[in-house]
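First comes the structure, then the notes that go with it.
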Amino acid sequence: GLLDLDDPIGTYISDWKDGPNAELTIRHLLEMRSGLAANWSLPWGVYSAAPDQLEYSLNRTPVRDPGTQFSYVNEDSMVLGEVIAQAFGQSAGEVAQAEIFGPLGMNAEWWTDGEGHSLTYCCIDTTARDFARFGLLYARQGQWDGSRVVPAHFVIESTTGISSYGYYGLHWWTYGEIFAAIGYH
């Protein structure tokens, strides 16, 4: 209940409260339909943007209206990490540890950039067994060991393909009844 998917990003990131990104919502970023292109001002894009990958990810302007076209862009995920950090008052990695990894008994570490921002587009160090716990959490509609970890309605919404594309949900790849968390590292 802390975040609404249709909240403008500017609610959490003041630089985007006004201007060309003012209409962008959390949902747009989750669906990879932000209308923002990847930042290729460095040869390897966000991957070589150390030490501050968040700043690099924020330094983009729209190329189309938000919500109109799917385009997988890692910088959108980095911006989501900052939305989480601002909403919770702690890093996205700390939120994941407290809200997901800890309750699942996962021993996981999320990589960070040189400024301490969680690399929310990639890079969680854990075991295959612990990644399987995360998969089971979603297969069990957000329940773990008799407790609700993720709201069931969010599990369903996030693993359902976007109607006009069908193969991507809210940061999940979708294939009919099958969904997968497929990403870099």
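Everything numeric here is computed off the predicted structure, so don't read it as measured data.
- Within 6.0 Å of the CD atom in Glu109, the count of heavy atoms belonging to other residues, nucleotides or ligands does not exceed 12.
- The two residues Met78 and Asp113 come nearest to each other via the heavy atoms CE-OD2, 4.4 Å.
- Note: Tyr168 and Tyr72 have perpendicular aromatic rings, judged against thresholds of 30 and 60 degrees for the angle between ring planes.
- Nearest heavy atom pair, residue Asn39 against residue Tyr56, reads O-OH, 2.6 Å.
- For the residue pair Ser71 and Arg64, the shortest heavy atom distance occurs at CB-NH1, 4.3 Å.
- Between Ser57 and Glu75, the shortest heavy-atom contact is OG-CG, 3.3 Å.
- Two residues are said to be in side-chain contact when any heavy atoms from C-beta on lie closer than 4.5 Å; His117 and Gln53 fail this criterion.
- Between the CG atom of Asp76 and the CZ atom of Arg60 there is a distance of 4.5 Å, given to the nearest 0.5 Å.
- Classification of the Tyr167-Trp173 ring pair by plane angle, with boundaries at 30° and 60°, yields parallel.
- Nearest heavy-atom pair, Gln97 versus Ala108, reported as atom, atom and distance to 0.1 Å: OE1-O, 3.6 Å.
- Trp111 and Tyr47 fall within the same hydrophobic cluster, where Ile, Leu, Val, Met, Phe, Trp and Tyr residues are linked whenever their side-chain heavy atoms come under 4.5 Å apart, directly or through other members.
- Inter-residue side-chain proximity for Leu29 and Ser34 is flagged as met; some heavy-atom pair is nearer than 4.5 Å.
- Rounded to the nearest 0.5 Å, atoms CD (Gln90) and CD (Glu99) are 8.0 Å apart.
- Connection of Leu119 to Leu58 is established within a shared hydrophobic cluster, with ILVMFWY side chains joined at heavy-atom distances below 4.5 Å, either directly or through further cluster members.
- Between Leu170 and Leu5, some side-chain heavy-atom pair lies under the 4.5 Å cut-off.
- The existence of a salt bridge linking Arg133 and Asp145 is excluded, since no basic side-chain nitrogen approaches an acidic carboxylate oxygen closer than 4.0 Å.
- Counting heavy atoms from C-beta outward, Ile124 and Phe101 have side chains that approach closer than 4.5 Å.
- Here Thr174 contributes atom OG1 and Ile162 contributes atom CD1; the two are 8.0 Å apart, rounded to the nearest 0.5 Å.
- Under the 4.5 Å side-chain heavy-atom criterion for grouping Ile, Leu, Val, Met, Phe, Trp and Tyr, Val149 is not connected to Ile156 through any hydrophobic cluster.
- Expressed to the nearest 0.5 Å, how far CG of Leu30 lies from OG of Ser158 amounts to 8.5 Å.
- Between Leu54 and Val79, the shortest heavy-atom contact is CD1-CA, 4.3 Å.
- For Leu2, the CG atom is densely surrounded, since the number of other residues' heavy atoms within 6.0 Å is greater than 12.
- Summarising the geometry, atom NE2 belonging to His28 is positioned 7.0 Å from atom CZ belonging to Arg33; distances are rounded to the nearest 0.5 Å.
- Side-chain contact between Pro62 and Asn21 is present, with heavy atoms from C-beta onward closer than 4.5 Å.
- Within the 4.5 Å cutoff, side-chain heavy atoms of Ile9 are placed close to those of Val83.
- At a threshold of 4.5 Å between non-hydrogen side-chain atoms, the residues Trp144 and Leu136 count as touching.
- Linking Ile, Leu, Val, Met, Phe, Trp and Tyr residues whenever their side-chain heavy atoms come within less than 4.5 Å leaves Leu36 and Trp40 in two separate clusters.
- Transitive grouping of hydrophobic side chains (ILVMFWY, heavy atoms separated by less than 4.5 Å) brings Tyr121 and Trp44 into a common cluster.
- If you take CD on Glu94 and CH2 on Trp110, they are separated by 12.0 Å, rounding to the nearest 0.5 Å.
- The shortest distance between side-chain heavy atoms of Met32 and His171 falls below 4.5 Å.
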